[in-house]
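What follows is a short report on a single structure.
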Amino acid sequence: MLESDCESEEHGAMEKKNTSPVIRLDQNDNIVIARRSVPAGTFIEEENLTVMTDVPVGHKISSRRICKDEPILKYNTVIGYASCDVEPGTHMHDHNIHFDTSSTEYCFCADYKPVEILPAEKQRTFMGYVRENGKVGTRNCICIIACSNCAATVVRKIADHFSEEILAEYPNVDAVIPLITSSGCGLEKTGVPMTILRKLLAGHINNPNMAGAVVCSLGCESNNIDAFMEETGLQMGAMLRRLVIQEEGGSVKALARGIELVGEMLPEADKCSRQPVSVSHLKLAMECGGSDSFSGSSANPALGIAVDMLVKNGGTAVLTEPTELIGSEGALVRRACSEETAQKLIDMMNWWKEYCKGTDSQINGKVTPGNMAGGITNILEKALGSAKKGGSTPINDVIEYAEQISKPGLNVMSSPSYDPVSAAAMFAGGCNLCAFTTGRGSCYGGQHYPTLKIASNTQLFEHQRDDMDLNAGAVIDGDKTLQQVGEEIFEALIAVASGEKTRSELFGMGSDEFVVWWRGVTA
């Protein structure tokens, strides 16, 4: 599903498939990217060079002589410096590229151009669930949410009771979801971790993809259920119920009562059915995980094209994980809608630099082992690719972790670079859909949080077929343009928002992928 295998008309630029073993991203670059594994001795005619050693797929090759300390250019942007003199055809990676800090000179709003939003009658539509408060969901779920891990098993057993056979009686209900935290007790009652936990839980309950929720606690944990409700402004009602294990008389009785509460909610949730609404109601979370060097050449920029289309239709998109944007902030603040917004972005980046100071985390230069194996040398290179998910649209707001998204267009949210942690924050902020690009492979997804998985290369798409929804590797193969794949992503997002199931939904993912940021160095 969502394979986008249907043949679209090729544009003039794609008259002949590019069979070169390398990709040149910019004419000014002094490196090219191996489209496939390139053995030593291979002559690359269009670059007039012979490859000196075996080069793995996705890795960089020098396209001319580069002197020691000369900048390495990818996308015509500096991603590091040569640590020694190299000849054309040299494999370029961490052994001969060194990381350096980026400039701190910024030109706020220099490239800002407001988007001309399409008039309402010309905006695309999707089939969504309209809530009483006017917000629109892409799924219609009931969640059983734990105040602490002390209630974990009861919460899971309540949700497990509602099998496919039972839910078949309620065709407008997509799923009953357990959301279980690993802590919630043993925390400082007024500290930052507790504040984050409560904001995240409340954000999930209030997300328009949720028709209702049962909040379950043991009864004596630090995250007291009544204090949680009061602090977050949650009001009990027919579609928000309270369940305390100790008050019910233990786990068995609490399980029975929880099943009863959800059973009362299901007929009401089933009354809500899909109806056509503008895609301006879509709030798209963007993730990239298990990235490779193709991510920044295919999946991420193609997603950026889809984001530009979404924003032009009045929609919203959220870029996050600032530790993976380090080095690209100078380009991002040029697109900020105001100097205040630009400064918020720089302040956020500086906070993360201070937070991660002295740690062995990627903001200080190193990327993950998987990124390294995939051909990404350092955080600057990774950031350039990661930022491309945001397209070319202006940055309209910069917000804190799990903060409510209030401005349409492109937002940047503060979050650690850990996929489930940042994804949970964007859902809590109001995102009702997620696009996830990957080059090495990722399995993330959710039944309550439909996640379109986009492979950056065809090998991954075919190898991990049960997890991937769309193949951006067609760009690398020379079969399609970025514009074509970007348009396919946009259409796929509309289809998913309208109810088409993603691979991760079909597999039943989502409950164990709910992860809270326990503030420590999770960067």
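One is the number of the first residue; the rest follow in order along the sequence. Note that these values count all heavy atoms, side chains included, but never hydrogens, waters or copies made by symmetry.
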(request) Could you list all the ring pair (Phe, Tyr, Trp, His ring centres under 6.0 Å) pairs where at least one residue sits in residues 394-413, not counting sequence neighbours? (result) Tyr401-Trp517

(message) For His93 and His95, take the angle between the two ring planes, folded into 0 to 90°, and tell me which bin it lands in: parallel under 30, tilted 30 to 60, perpendicular over 60.
(response) perpendicular

(message) Salt bridge check, Glu70 against Arg64: does any charged N sit closer than 4.0 Å to a carboxylate O?
(response) yes

(message) So, using side chain to side chain donor-acceptor pair (under 3.5 Å) as the criterion, who are the partners of Thr138 when residues are at least two apart?
(response) Asn209

(request) Could you note down all residue pairs passing side-chain hydrogen bond (donor to acceptor under 3.5 Å, both in side chains) where residues 506-515 supplies at least one of them, sequence neighbours left out? (result) Arg156-Asp512

(request) With sequence neighbours excluded, tell me which residues meet side chain to side chain donor-acceptor pair (under 3.5 Å) with Asn411. (result) none

(message) Taking salt bridge (charged side-chain N to carboxylate O under 4.0 Å, His left out) as the cut-off, I'd like each qualifying pair that reaches into residues 84-93, sequence neighbours left out, listed once.
(response) Arg65-Asp85, Arg65-Glu87

(request) Measure from the side-chain N and O atoms of Lys480 to the backbone N and O of Val485, and report whether any donor-acceptor pair falls under 3.5 Å. (result) no

(request) List for me each residue that meets side chain to side chain donor-acceptor pair (under 3.5 Å) alongside Lys312, sequence neighbours excluded, and say none if there are none. (result) none

(request) If the plane angle is over 60° it's perpendicular, under 30° parallel, otherwise tilted; pick one for His448 and Phe427. (result) perpendicular

(message) Just verifying a value: how many Å separate Leu303 CG and Leu284 CG, rounded to the nearest 0.5 Å?
(response) 6.5 Å

(request) Indicate yes or no: does Glu321 engage Lys389 in a salt bridge with an N to O separation below 4.0 Å. (result) no

